[in-house]
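One structure is given below, encoded as structure tokens.
Below, each value reflects all heavy atoms present in this structure, side chains not excepted, and no hydrogens, waters or symmetry copies.
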Number of protein chains: 2
Amino acid sequence: MKNQQDLFVKMVLDQWFTQEKKTSDLFIELTDDQLMNETSPGKNRGIYLLGHLTAVHDRMLPMLDFGAQLHPDLNALFLSSPDRTMDLPAVADLREHWKEVSQTMGAKMNGLTGTDWFARHTAVSEEDYLKEPHRNKLNLIINRTNHLSSHYGQLLYLKQK
Amino acid sequence: MKNQQDLFVKMVLDQWFTQEKKTSDLFIELTDDQLMNETSPGKNRGIYLLGHLTAVHDRMLPMLDFGAQLHPDLNALFLSSPDRTMDLPAVADLREHWKEVSQTMGAKMNGLTGTDWFARHTAVSEEDYLKEPHRNKLNLIINRTNHLSSHYGQLLYLKQK
């Protein structure tokens with residue numbers, strides 16, 4: 001049954017790394033100019049989604065007990081404010097932050113054991129976790145993988161026809 | 001350990017049903033006119049994504065050993081042809097098909113045991129499955145949930161501001 005736990009963790013992490021790689025590849029393919037475009041008229045620009053995904057993933061580090069956020073300054077710009085309301089950092093800096101968060105997360109994720117993944121994530125209290133054991137670290141990954149996919153679908157619209 | 005298997009399955013199915021419900025609610029909220037709009041200039045229209053998601057989910061029925069596809073006629077229109085190249089069915093009919101596929105799938109999914117979910121899906125041979133046991137039914141759900149999320153992100157663009 002240890003095998004099945006490892007298998008399940010692999011299934012979930014494979015999907016995370018697949019979506020993460022697709023998105024990283026897309027960010028590399030898109031030029032700075034393309035990232036300044038709106039994904040659809042009046043909707044989020046590429047640069048905003050790049051910052052937003054970086055901030056959401058960065059905030060997962062403390063939630064997974066992987067350490068402090070690397071760029072907590074991004075939260076105010078990309079989590080609590082909509083696009084076009086704040087002065088944003090340069091695209092080049094955001095590209096660097098994305099890569100750094102992505103690599104840090106990947107390295108930490110690969111270091112966890114199957115059992116670690118079934119422990120609660122830090123945004124859930126011990127008490128709530130006992131009642132709702134599905135609120136574990138792996139479930140956070142399932143959730144955030146789908147969040148990433150939904151924005152990936154939007155970012156695809158920035159590609160050249 | 002039986003409990004942990006049930007917990008895995010719950011985590012994956014919860015995410016499927018969450019994304020499925022969000023998408024169904026969005027289709028109900030969008031008017032027929034909104035569904036005729038493009039999600040972004042030159043990109044797929046709402047009606048095409050409605051048909052595409054219905055066809056992709058319908059095709060999961062045989063893959064999960066849940067029976068034959070309900071609407072195999074949708075495959076040519078929404079899986080092998082891009083938008084604006086074929087005459088599409090009426091939106092009202094597609095809405096019905098989506099609901100029917102969604103309900104059929106949901107009922108069948110709720111009927112499987114934890115062990116059933118770790119069996120191979122029918123698009124994988126017995127031989128390949130022995131070498132790659134992660135290619136099971138539950139993994140297909142993980143995969144298709146992310147596919148659904150990516151199109152959900154695009155469909156959101158059809159909403160009124």
Chain B: which of A:Asn146, A:Leu156, A:Thr145, A:Thr18 shares the most heavy-atom pairs with it under 4.5 Å?
A:Asn146

Identify whether B:Leu70 and B:Leu79 are in the same connected component of the hydrophobic contact network (ILVMFWY, side-chain heavy atoms under 4.5 Å).
no

Is B:Leu138 in contact with chain A via its backbone, its side chain, both, or neither, using a 4.5 Å heavy-atom distance?
both

Establish whether A:Leu158 and A:Leu88 are linked, either directly or via other cluster members, by ILVMFWY side-chain heavy-atom contacts under 4.5 Å.
yes

Mind listing the closest non-hydrogen atom pair of B:Ser149 and A:Ser149 along with its distance?
CB-CB, 4.0 Å

With clusters defined by side-chain heavy atoms of hydrophobic residues (ILVMFWY) lying less than 4.5 Å apart, directly or transitively, does A:Phe27 cluster with A:Leu77?
yes

Mind checking the CG-CG spacing from B:Asp14 to A:Asn139? Nearest 0.5 Å is all I need.
7.5 Å

Any chance you could measure A:Ser150, atom OG, to B:Leu155, atom CG, to the nearest 0.5 Å?
11.5 Å

Name the member of B:His134, B:Gln19, B:Met11 that forms the most heavy-atom pairs with chain A at distances under 4.5 Å.
B:Met11

Looking only at heavy atoms, what is the nearest atom pair of B:Lys159 and A:Lys43, with distance?
O-NZ, 4.2 Å

Taking atom CD of B:Gln15 and atom CD1 of A:Ile141, what is their separation to the nearest 0.5 Å?
12.0 Å

Please work out which of the three classes, parallel, tilted or perpendicular, describes the rings of A:Phe118 and B:Phe8, given edges at 30° and 60°.
tilted

Any idea which heavy atoms bring A:Ile142 and B:Val12 closest together, and the distance?
CD1-CG2, 4.3 Å

For B:Leu7 versus A:Asn136, what's the shortest heavy-atom pair and its separation?
CD2-ND2, 4.3 Å

Which atoms of A:Gln154 come close to chain B, meaning under 4.5 Å heavy atom to heavy atom: side chain ones, backbone ones, both, or neither?
both

In this structure, would B:Val56 and B:Leu94 fall into the same cluster of hydrophobic residues linked by side-chain contacts under 4.5 Å?
no

Joint cluster assignment, B:Met63 & B:Val124, ILVMFWY side-chain distance < 4.5 Å
no

Does the pair B:Thr39 and A:Tyr157 meet the rule for a side chain to side chain contact (heavy atoms under 4.5 Å, CB included), with working shown?
CA-CA 9 Å; B:Thr39 49; A:Tyr157 286 166; 2.5 Å; yes

Heavy-atom cut-off 4.5 Å, strictly under: side chain, backbone, both or neither for B:Asn143 against chain A?
both

